[in-house]
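Keep in mind the model is a prediction, meaning the values are calculated, not measured.
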Amino acid sequence: MSELQEVQITEDNPLLQDPLKAAELAAKLLQVQEQKHSIETPYGVVTVTIQGTPKPKRPAIVTFHDVGMDHKMCFDTLFKYEDMCEIVKNFVVCHIDAPGQEEGSAVYPPGYQYPSLDQLAETIPCVLQYLNFPSIIGIGVGAGAYIFAKYTLSHANTVEGLVLINIDPNAKGWMDWAAQKLTGLTQSISDMMLGHLFSAEELSGNSDVVRQYKASILNSPLISNYQLYWNSYNSRRDLNLERGGGVTLKCPVMLVVGDQAPHEDAVVECNSKLDPTQTSFLKMADSGGQPQITQPGKLTEAFKYFVQGMGYIPHILDKKRSMGGFLVHDSSVALSHRLSLQRGESLTVSHPVPEQRVGGRTSSSPGRSDLLKGREPGDL
């Protein structure tokens with residue numbers, strides 16, 4: 001009788017009447033529906049966590065996390081956000097954990113040969129084949145964003161869209177390599193990973209989020225495994241993306257980075273190398289180095305319009321409550337809508353801009369649709 005009573009209560013009281021209870025119930029339902037699989041690949045065993053069930057004629061949403069964390073640390077805040085639960089119930093969600101990064105993993109022995117990021121990208125076809133997913137929308141952060149971009153370049157027919165947060169498509173140069181070596185003499189691996197995840201301002205401010213992730217990394221029994229993934233990220237090869245060239249991402253792409261985040265310049269450069277008719281650029285103020293953690297509401301709002309522009313779940317637009325916002329011109333979805341922001345917080349969405357030759361070097365003008373309170377168009 002208890003189960004019947006729960007179903008009856010759900011039917012008589014719509015979830016949206018109490019947002020807090022709705023979010024709690026959605027999180028519980030996701031946990032109940034979670035399925036874990038360990039999948040053998042040529043480059044090690046990857047653990048995947050499935051939420052929901054496959055929907056006919058709809059892609060799976062697949063995530064890949066950054067260094068120093070597993071999928072829970074990277075994506076739980078975003079995917080348990082109330083409005084995000086409203087979106088993902090229309091899809092099956094698959095979280096991929098890189099080998100040895102998931103909670104409870106065995107510690108690799110000294111000298112273990114960890115896969116490169118290129119090889120990790122080739123674990124994705126094994127996952128999709130195992131789960132029988134014909135197509136995906138990929139959401140990657142940092143190293144995970146690079147992995148999805150690399151995968152898409154060689155498996156474009158399986159990717160319907162990409163959300164790439166903090167992507168750096170470039171290999172480290174000799175100066176970067178030397179700087180990292182010098183930094184390694186004075187900083188621990190955990191400090192270097194924290195510097196990758198958060199901005200200098202966040203680290204000096206020592207917010208609750210920073211303290212939480214610092215403690216998680218420092219106290220993790222998998223710190224040596226984290227270092228292997230970190231080393232692979234720092235040994236990545238250049239993706240050689242070229243606007244109008246043969247190497248490019250051909251699906252709709254939403255690039256995301258926080259204002260003054262560690263990877264802001266890299267994402268801006270990546271934006272300049274992608275097809276402007278397929279790419280939108282989202283720069284989020286007051287979000288730091290991990291916008292999916294610090295500003296899940298803003299990112300969810302943008303993601304709604306991204307998937308709606310791909311032809312999915314258009315009814316969600318009618319359910320969104322009205323809040324003050326600004327006009328967005330998103331070439332990848334060919335529409336203009338007002339993205340709503342709570343408390344008037346800032347958000348920037350832009351197009352890539354043509355490259356210009358300045359002093360023999362390639363640069364990009366900031367020309368974009370910046371409609372921010374207190375800022376002039378073009379301000380960074």
Side-chain angles (χ1 to χ4, degrees), residues 41-47 63-75 95-124 126-127 140-151 153 164-200 203 213-240 261-263 265-267 270 289-290:
T41 78
Y43 306 106
V45 176
V46 297
T47 301
T63 73
F64 214 117
H65 60 90
D66 202 355
V67 300
M69 52 178 67
D70 60 10
H71 84 269
K72 289 183 179 180
M73 293 173 63
C74 193
F75 292 109
H95 300 289
I96 299 177
D97 282 308
Q101 309 301 300
E102 74 278 5
E103 184 179 0
S105 176
V107 177
Y108 290 129
Y112 181 83
Q113 186 63 43
Y114 198 77
S116 67
L117 293 197
D118 288 7
Q119 291 171 330
L120 289 175
E122 287 306 311
T123 66
I124 297 177
C126 302
V127 171
V141 181
Y146 178 100
I147 288 168
F148 267 129
K150 180 65 178 179
Y151 167 77
L153 291 175
L164 304 178
I165 303 170
N166 296 338
I167 185 172
D168 187 343
N170 304 316
K172 279 188 173 294
W174 284 106
M175 294 296 293
D176 296 324
W177 180 84
Q180 183 183 346
K181 289 296 183 183
L182 291 174
T183 302
L185 297 175
T186 58
Q187 286 188 333
S188 66
I189 291 297
S190 57
D191 286 337
M192 287 192 288
M193 284 192 288
L194 287 166
H196 163 84
L197 295 173
F198 298 101
S199 67
L203 292 174
Y213 281 80
K214 182 184 296 184
S216 178
I217 293 174
L218 286 174
N219 299 326
S220 175
L222 299 176
I223 186 66
S224 60
N225 288 10
Y226 289 173
Q227 183 175 355
L228 294 175
Y229 189 21
W230 169 250
N231 291 341
S232 291
Y233 175 71
N234 287 306
S235 300
R236 66 189 180 277
R237 299 193 301 172
D238 201 309
L239 290 178
N240 294 313
H263 310 285
D265 291 343
V267 179
C270 182
Q290 298 294 307

Contact summary for F64 and A98, nearest pair of heavy atoms: CE2-CB, 3.9 Å

Closest approach of G100 to L222 (non-hydrogen atoms, all atoms of both residues): O-CD1, 3.9 Å

Heavy-atom closest contact (I217 atom, S190 atom, distance): CG2-CB, 3.8 Å

Side chains of Q290 and N166 in contact at under 4.5 Å (non-hydrogen atoms): yes

Gap separating the CD1 atom of I96 from the CG atom of L120, nearest 0.5 angstrom: 10.0 Å

Least distance between heavy atoms, V67 atom then A143 atom: CG1-CB, 4.0 Å

From OG1 (T123) to OH (Y43), nearest 0.5 Å: 9.5 Å

Steps toward side chain to side chain contact (heavy atoms under 4.5 Å, CB included) verdict (V141, M69): CA-CA 11 Å; V141 181; M69 52 178 67; 6.0 Å; no

Beyond-backbone contact of K150 with R237, side-chain heavy atoms, under 4.5 angstrom: yes

CE on M73 to CG on D97, rounded to 0.5 Å: 11.0 Å

I223 side, atom CD1; S216 side, atom OG - distance, nearest 0.5 Å: 9.5 Å

Flag side-chain contact, heavy atom, 4.5 Å: I124 against F148: yes

Geometric class of the Y229/Y114 ring pair [parallel <30°, tilted 30-60°, perpendicular >60°]: tilted

CD-OG1 distance between Q119 and T41, expressed to the nearest 0.5 angstrom: 9.5 Å

Flag side-chain contact, heavy atom, 4.5 Å: Y146 against D118: yes

Side-chain heavy-atom pair Y108, P99 within 4.5 angstrom cut-off: yes

Donor-acceptor pair, side chain of S232 and main chain of P115, under 3.5 angstrom: yes

Q101 side, atom CD; W230 side, atom CH2 - distance, nearest 0.5 Å: 12.5 Å

Closest heavy-atom pair and its distance - A261, S199: CA-CB, 4.5 Å

Identified side chain to side chain donor-acceptor pair (under 3.5 Å) counterpart of D168 within the set R236, H263, H196: R236

Main-chain N/O of A106 paired with N225 side-chain donor or acceptor, under 3.5 Å: yes

Shortest non-hydrogen contact from F75 toward H95: CB-CE1, 4.2 Å

